Amino acid sequence: MHKHRTHNCSELSPKEVGQQARLTGWVSRRRDHGGVLFLDLRDHYGSTQCVFRSQSPHFSRAESIRMESVITVTGSVVKRSPETINANIPTGEVELVVEDMLVVTESAYIPFSIGDESDEASDSLRLQYRFLDLRRTKMQNNIKFRHKSLQSIRNHMGKQGFLEIQTPILTASSPEGSRDFLIPSRLHPGKFYALPQAPQIYKQLLMTSGFDKYFQIAACFRDEDARADRAPGEFYQLDMEMSFVEQADVHHAIETLVDGWFSELATSTFDKPPFQHITHKEAMDKYGSDKPDLRNPLIIQNATSCFEKSGFKIFAQTIEKGGIVLGIVVPNVASKPRSFFDKMNDWARENGAPGLGYIIYDNELKGPIANTLEKERHDHIIKTLSLKDGDAAFFICSTNHFWAKDFAGKVRLELGERADLVDKNAIRICWIVDFPLYESGETWFSAWREPTPEERKTIYFSHNPFSMPQCDPEEFSSLDPLSLNAWQYDLVCNGMELGSGAIRNHHPELLVKCFQVPGYTEAQVRQDFKSLLSAFSYGAPPHGGCALGVDRIIMMLANMHNIREIIAFPKNQNAMDVLLGAPNNVPEQLLKDVFIKSTAKK
RNA sequence: GGGGGUGUAGCUCAGUUUGGUUAGAGCGCUGGCCUGUCAAGCCGGAGGUCGCGAGUUCGAGUCUCGUCACUCCCGCCA
C-alpha cells in the first residue's frame, strides 16, 4: 500500500465499499460522541468522514489530536446507513472506519478557524498566516479559478495564432507613466534598472521585428497606491499586440478571447460579441464617466432649457452665468416617501454638491421646485425629459460643466443603487472608443479643482501618447489638436476598466509632432524614445493592441470584492508582504555592493 | 499627501450615544459526560495592558488630545 495515500479525500464512493483505503490530510473538524468519534479529513480535493470507535487503540489519540494536524488513516471503506448519508459532500455516502492511524505532523493551536468557513478572520491576520488562509475551501477554489482563467487565456490566444513571448523584467526606466520600481546595478555603479510598468515598448519592438501576433500574461510593476480592485506594486496584464490591423481587428481578437473565457468560467450572463461601442463623448454625456456601468439603466440628460429664465431662481441665475442643468429621470419612485428624496439631497451635500433638486411626476409635476415653476413650463419639462407618470427627475446645476457631468455620473450610480435598478447578476460589456488625443487643462483639472490660468492653457495627452490620431498624418499640423480623436479604446465592464488599447502611431515623424503639442521638444522625444523611434525608422508595420487587467477580471468572474482574494500572496494596503516581511532592511554590505546609501530618517 | 471607518478574550463581535459594582456573548481552548454526528449536544473551567501614550475626573473600555496599525476612498495609476 502507498505510504501516504491510496485515494485523495474526495475520491471514496460506494464503488470502493469493502476495500482497504489509506488517506492523508488535515484534521478539519471533530465530532466526539464519547463512544464514537468522527474526524473530517481534508485535502485539496475534498473531505472524507473518518470514524473511530471506542474499542480502537487509536481512539484516545484521535480524540486529543489538534485541528489542522496532518494524519494518515488506514481502514475499510463502509457504506453509510441511509439516515446518516451527508448529501452535501461528494464522499457523503461512505466513510472510512479507521483501523490504523499515524500522526504525521501535529499542528500548533491555529489562530483562526479553517474548517469553519463562516468564521471570517480579519484581512491582516489572514495575510500574516496566508499559508493557513489558503487552506480554506474558498481560497483553494479562488486559486483554482485563477489557474483555469490563465489556461483559458492561453488557449484562446493560442488558437487565434498569438505567440506567447516573454519580455524582460529588468528593463529601463521610462519617462512616461507612473513611478518606477528601481533596481540598482552592481556592474554599473550609480545606474539603475527599472521593473516594467508594462511591456509596451517591447511589444511594439516585437511588431517591428515581424512577429505579427504577440501576447503575454505579463507581470507589471507600478509604485502606486492600492484600491480594492487594484493590487499595489505588482499585477498581471494580458498584453497583446498585432500587426497590419485596424481597430476592428483588435476588438475582434479581444472579443473572441473574452467570449471564450467567460463562456467557460462566468457564473453570470454576459454580453455576447460584438460588444457595443460608446464614444468617449457619449459616455461622458450620458453616463458622466468614461467607464459607465451599463447594468444601471439611468441616463443623464441636458435639462438646461427646462429652467432657463424660470421661476426657480437658483437654476435660472446659474444658467444666466453660463451654467448647465443635468437631469436624471428615475422610473417608479414618485410614490417613495419624502425621506427618499431628502436623503438623496443629504447625500449630495455630503459629497460636495450644494444640493440636489428634484421634481416628481404624479399626474402633475410636484415637489418644492415644481411649485416655483410656471404652469405653462410643465409640459415642456415633461416633453424634454420624456417623463412618464410615476417618474422623478433629479437635477444637478453648476456653472462648471465638467464638475456637473462628473457629479451627475456619481448621482446616477447612487440613484441606481437606492432605487434598486442595478442588475447585479449581469456582466455588461462595452468598448469606449474615440478618446480625444489631447485634453486642455480646462477639462483636465476642472472636475476637482479650479485650474490656474497657466494650467488652463496647457495641453495634455488625455490617455495614451503612443496612439494614432484619427487624421491624415499629412494634415496633423494644420488641425486643432483639441479636436482630434485617437484610435484608442477601453474595454469597460460593470463600471470597471478591464483593459485599454490603441492603434499605435508607427510614423516616427508623426510621433515626434504628437509629442510637441504638449510641449516636448524634438530632441527630448528623440532622446526619451530612442529605441522605439530607431526601430520605426527601419520599416515599421502598422500595429495595435490591447492590455487587459487579468487580476481584476478574475476577481469579477469569481464574484469577489477584493483583489487580494484571487492572489495567492498579495500585498496589504501599504504594499507590504507581512508574511515574508517585505520590504525589509538589508545588510550594509548588500547596499555597498550596489553603491547605495540610504537617506531615510530612522 | 488628504479624508472616512475600525481597533475590547486565540478568532468574530456586543458594550462607547448618557463616565459608575467583578467588562460580556458565540466559536475555539481546557476538564467531565455522551455510540451516528456532519456548525454534534450537555455540564464545568481557564483566558482581558479594552491598540499605545498623555490628559480631564472622586472614578475612563466610554470624554479630550496625540500616536500606531489595519481597511475603504480621493489624489496617483500615460
Side-chain angles (χ1 to χ4, degrees), chain A residues 28-42 47-56 59 63-64 66-68 78 80-89 91-92 95 97 108-129 132-133 174-180 197-198 200-201 220-233 235 237 350-352 406 410 435 437-439 444-445 447-449 460-467 486 488 497 500 502 514-515 518 528-529 547 549 552 561-562 564 572-574 576 578:
Chain A
S28 191
R29 287 202 193 102
R30 172 171 48 217
R31 292 173 296 282
D32 188 350
H33 290 246
V36 61
L37 166 70
F38 303 101
L39 291 186
D40 289 340
L41 203 65
R42 185 198 70 235
S47 178
T48 301
Q49 173 162 286
C50 302
V51 186
F52 295 77
R53 299 197 188 280
S54 50
Q55 305 89 312
S56 162
F59 187 85
E63 265 190 319
S64 67
R66 287 200 195 112
M67 296 296 103
E68 295 305 316
V78 170
R80 298 200 203 179
S81 63
E83 70 277 11
T84 62
I85 285 174
N86 183 351
N88 299 323
I89 55 171
T91 61
E95 58 198 11
V97 177
Y109 294 122
I110 48 171
F112 54 85
S113 166
I114 289 154
D116 182 1
E117 297 281 335
S118 66
D119 186 12
E120 268 291 329
S122 71
D123 271 16
S124 64
L125 198 71
R126 291 174 58 198
L127 291 183
Q128 193 184 337
Y129 294 96
L132 291 181
D133 188 44
S174 61
E176 281 291 319
S178 72
R179 263 187 300 273
D180 281 321
Q197 296 175 20
Q200 181 69 34
I201 295 203
C220 302
F221 304 89
R222 294 178 193 172
D223 190 359
E224 299 293 348
D225 294 343
R227 288 288 182 279
D229 63 351
R230 195 172 81 200
F235 61 98
Q237 280 187 345
E350 281 161 23
N351 285 274
D406 185 68
K410 289 179 183 150
F435 278 79
L437 183 58
Y438 302 107
E439 264 181 273
W444 187 264
F445 289 102
W448 68 90
R449 69 169 167 85
Y460 300 84
F461 277 116
S462 77
H463 228 58
N464 183 329
F466 300 102
S467 304
Q488 153 88 50
E497 184 192 314
S500 185
C514 284
F515 271 89
D528 286 353
F529 305 107
R552 191 176 287 180
H561 296 104
N562 192 292
R564 290 187 293 269
N572 70 8
Q573 177 82 6
N574 302 316
M576 294 188 299
V578 289

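Being a predicted model, the structure only gives us computed values, none of them experimental. Every chain is numbered from 1 and lettered A, B, ... according to where its sequence line falls, protein lines coming before strand lines. Basis for what follows: all heavy atoms, side chains included, without hydrogens, waters or symmetry-related copies.
Pairing of B/C63, defined by two Watson-Crick or G-U wobble distances under 3.5 Å, is identified with B/G55. Across all strands shown, the partner of B/U6 is B/A69, judged by Watson-Crick or G-U wobble contacts whose two distances both fall under 3.5 Å. Here B/U22 sits opposite no nucleotide as a Watson-Crick or G-U wobble pair (both hydrogen-bonding atom distances under 3.5 Å). In a base pair of the Watson-Crick type (N1 to N3 plus N6-O4 or O6-N4) or a G-U wobble (N1-O2 and O6-N3), with each distance short of 3.5 Å, B/U37 is matched with no nucleotide.
Side-chain proximity of A/V36 to the nucleotides B/C11, B/U35, B/U71 is greatest for B/U35. Nearest to the side-chain atoms of A/T84 among the listed nucleotides B/C38, B/U71, B/C11 stands B/C38. Checking B/C29, B/U35, B/C76 against the side-chain heavy atoms of A/Q55 singles out B/U35 as nearest. Among B/G75, B/C77, B/C38, the nucleotide with an atom closest to any side-chain atom of A/R80 is B/C38. Of the candidates B/C72, B/C38, B/U35, the closest approach to any side-chain atom of A/Q573 belongs to B/C72. The side chain of A/D40 lies closest to B/C38 when the candidates are B/C38, B/C70, B/G1.
Classification of the A/F515-A/F529 ring pair by plane angle, with boundaries at 30° and 60°, yields tilted.
Judged by closest nucleotide on RNA chain B, A/I89 is the one of A/I89 and A/F466 placed further toward the 5' end. Projected onto RNA chain B by closest heavy-atom contact, A/S124 and A/S64 fall at different nucleotides, the more 5' of which corresponds to A/S64.
Between the side chain of A/R227 and the base of B/G75, a donor-acceptor pair under 3.5 Å is found. Below the 3.5 angstrom threshold, one finds no donor paired with an acceptor across the side chain of A/R126 and the base of B/C11. Evaluation of atom-type donor-acceptor distances gives a pair under 3.5 Å for the side chain of A/R230 against the base of B/C77.
In this structure A/F435 satisfies the ring-ring contact (aromatic ring centres under 6.0 Å, His included) test together with A/H280, A/H463, sequence neighbours excluded. Remark: A/T91 pairs with no residue by the side-chain hydrogen bond (donor to acceptor under 3.5 Å, both in side chains) rule, at least two apart or across chains.
There is no side-chain donor-acceptor pair under 3.5 Å between A/R222 and A/S178.
The shortest distance between the side-chain N/O atoms of A/S122 and the OP1/OP2 oxygens of B/U12 is below 4.0 Å. Between A/Q197 and B/C77 there is no side-chain N or O to OP1 or OP2 distance below 4.0 Å. Between A/N562 and the phosphate of B/C72, there is a side-chain N or O to OP1/OP2 separation shorter than 4.0 Å. Between A/N86 and B/U37 there is no side-chain N or O to OP1 or OP2 distance below 4.0 Å. OP1 or OP2 of B/U37 has not a single side-chain nitrogen or oxygen of A/R31 nearer than 4.0 Å.
The shortest side-chain heavy-atom distance between A/Q488 and A/S500 falls under the 4.5 Å cut-off. Between A/C220 and A/F235 the shortest side-chain heavy-atom distance falls below 4.5 Å. By the 4.5 Å heavy-atom criterion applied to side chains, A/I114 and A/R42 are counted as neighbours.
Comparing the same atom, C1', in B/G15 and in B/U6 gives a spacing of 16 Å after rounding to whole Å. Of the C1' atoms belonging to B/U56 and B/G19, the separation is 11 Å, rounded to the nearest Å. A distance of about 26 Å separates the C1' atoms of B/G4 and B/C11, rounded to the whole Å. B/G47 and B/A23 have their C1' atoms separated by 14 Å, with the value rounded to a whole Å. Taking atom P in both B/U22 and B/U30, the straight-line distance is 32 Å, to the nearest Å. Here the separation of B/U21 from B/U62, taken at their P atoms, is 14 Å to the nearest Å. With P as the reference atom, B/A46 and B/G51 are 24 Å apart, rounded to whole Å. Separating the C1' atom of B/C65 from that of B/U57 is a span of 16 Å, rounded to the nearest Å.
Residue A/R29 contributes atom CZ, which lies 14 Å from atom C1' of B/G28 at whole-angstrom precision. Distance CD1 (A/I110) to P (B/C29): 8 Å, rounded to an integer number of Å. Here B/A39 presents its P atom at 14 Å from CE of A/M67, a figure rounded to the nearest Å. Across the protein-nucleic acid pair, A/N88 atom CG and B/A40 atom P stand 13 Å apart, rounded to whole Å. Summarising the geometry, the separation between CG on A/L127 and C1' on B/U71 is reported as 11 Å, rounded to the nearest angstrom. Here the C1' atom of nucleotide B/G10 and the CD atom of A/Q128 are 12 Å apart, to the nearest Å. Between A/F52 atom CZ and B/U37 atom C1' the separation is 15 Å, expressed in whole Å. What separates CZ of A/F59 from C1' of B/U37 is a distance of 13 Å, to the nearest Å.
At a threshold of 4.0 angstrom between heavy atoms, the contacts of A/E497 with the nucleic acid are absent. In this structure, A/D223 reaches neither bases nor backbone, as no heavy-atom distance under 4.0 Å exists between it and the strands shown. Residue A/P111 is in sugar-phosphate contact alone, with no base atom involved, counting any heavy-atom pair closer than 4.0 Å across all strands shown. Residue contacts shown for A/Y109 are limited to sugar-phosphate atoms, with no base heavy atom under 4.0 Å away.
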Where do N or O atoms of nucleotides 32-34 of chain B meet protein N or O atoms at under 3.5 Å, pair by pair?
unit_1, atom_1, unit_2, atom_2, d
B/C34, N3, A/G34, N, 3.2

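No aromatic stack links A/F112 and the base of B/C11, using centre distance under 5.5 Å and interplanar angle under 30°.
Not a single donor-acceptor pair under 3.5 Å links the side chain of A/R30 to the backbone N or O of A/M67.
Salt-bridge annotation for A/R31 and A/D40: present, with a side-chain N of the basic residue lying under 4.0 Å from a carboxylate O of the acidic one.
The cationic group of A/R66 lies under 6.0 Å from the six-membered ring centre of A/Y109 and within 45° of the ring axis, placing it in a cation-pi geometry.
Ring to ring, A/F461 and A/Y438 are close: their centroids are under 6.0 angstrom apart.
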